[in-house]
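Structure, as structure tokens:
All ligand and atom numbering here is 1-based and tracks the order in the structure. All values derive from a computational prediction rather than experimental measurement.
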Amino acid sequence: MILSYTQLGSYLRCPRSYRYRYLDGWREKETRAAMVFGRCFEKALAALFRQEDPGSTLLQEWSCFCDASLEYKNGESWDRLFRQGVHLLERFVQGNRVRIRAPQHDLQVKMIRNLPGGHEFVAYLDAIGELDGQRCVIDWKTTTSRYPEDPDGLLSLDPQLICYSWISGIPEVALVVFVRKHLPEIQYLKATISEDKRREFGRLAETTVAQIDSGEFPAHSGIRFPQNGCVSCPHLGLCLNNQQLIAANLIRNPGASSLDWLDELMD
Ligand code: SF4
């Protein structure tokens with residue numbers, strides 16, 4: 001078995017959802033404009049580090065979705081997202097805080113760790129570079145609201161960053177958050193992941209892969225107000241046997257073993 005962070009997170013949130021997605025092949029339709037735009041934006045960032053024109057790359061990538069039926073939220077539109085993207089790229093260039101010295105190797109870096117039982121853990125790191133002169137693992141995020149920064153040290157609990165630190169062996173991690181709001185903003189958030197946290201993550205990966213291997217997929221429904229995980233779960237229609245919800249949110253690729261989930265690693 002090859003396990004990714006996305007899969008691990010899915011299993012820990014709800015093993016039943018994991019089974020729907022990765023064994024039965026039910027995947028969420030990609031209709032959210034924000035998510036599609038985020039991918040285009042990351043391609044523009046990569047172009048910037050390759051000394052190409054990031055604005056043109058963003059236009060070229062995002063234009064592919066100009067006529068697509070995407071779901072825009074809260075007054076969003078194709079034009080508005082594009083303008084916000086250009087503004088954020090300009091701010092990023094002005095800030096000049098991130099260096100990627102060898103973009104051909106240090107962007108979308110594939111890393112693999114062996115797990116017991118012949119299993120593997122694979123991750124694609126957005127970047128390994130320098131933020132304010134310090135070498136670190138960097139993860140890009142595009143979002144409409146700022147990431148919380150308080151209390152101090154909160155970011156060191158981020159499971160995705162702990163995962164990336166564990167798999168790369170690099171203790172310093174950073175989130176570069178591109179906030180698409182009225183006045184676009186970029187947050188540069190840094191954390192140091194301790195050796196203990198990395199070891200703990202390794203144990204979590206090992207126990208999770210063993211549980212998946214044993215074929216146990218109980219439903220972890222989250223029915224407690226206000227934190228009801230089922231409401232935002234793409235597989236809710238399957239659990240409720242609601243054909244309308246299934247048709248609206250999911251498509252099925254039977255035989256999920258075809259590794260289509262690797263696409264999600266770019267998220
Ligand atoms: S709807 Fe709830 S119980 Fe069903 S798969 Fe999703 S999280 Fe699990």
Please work out which of the three classes, parallel, tilted or perpendicular, describes the rings of Tyr72 and Trp62, given edges at 30° and 60°. perpendicular

Around atom 8 (Fe) of ligand 1, what protein N, O or S atoms are found below 2.8 Å? Cys14 SG

Hey, does Thr142 have a side-chain heavy atom less than 4.5 Å from the side chain of Glu42? no

Verify whether the ring centers belonging to Phe65 and Trp78 lie closer than 6.0 Å. no

Residues in salt bridge (Lys or Arg N to Asp or Glu O under 4.0 Å) contact with Asp213, at least two apart in sequence or another chain: none

Hey, what's the ring geometry for Trp166 with Phe201, parallel, tilted or perpendicular (30° and 60° as the breaks)? tilted

Which pair of non-hydrogen atoms, one from Ser168 and one from Met111, has the smallest distance, and what is that distance? CA-SD, 3.5 Å

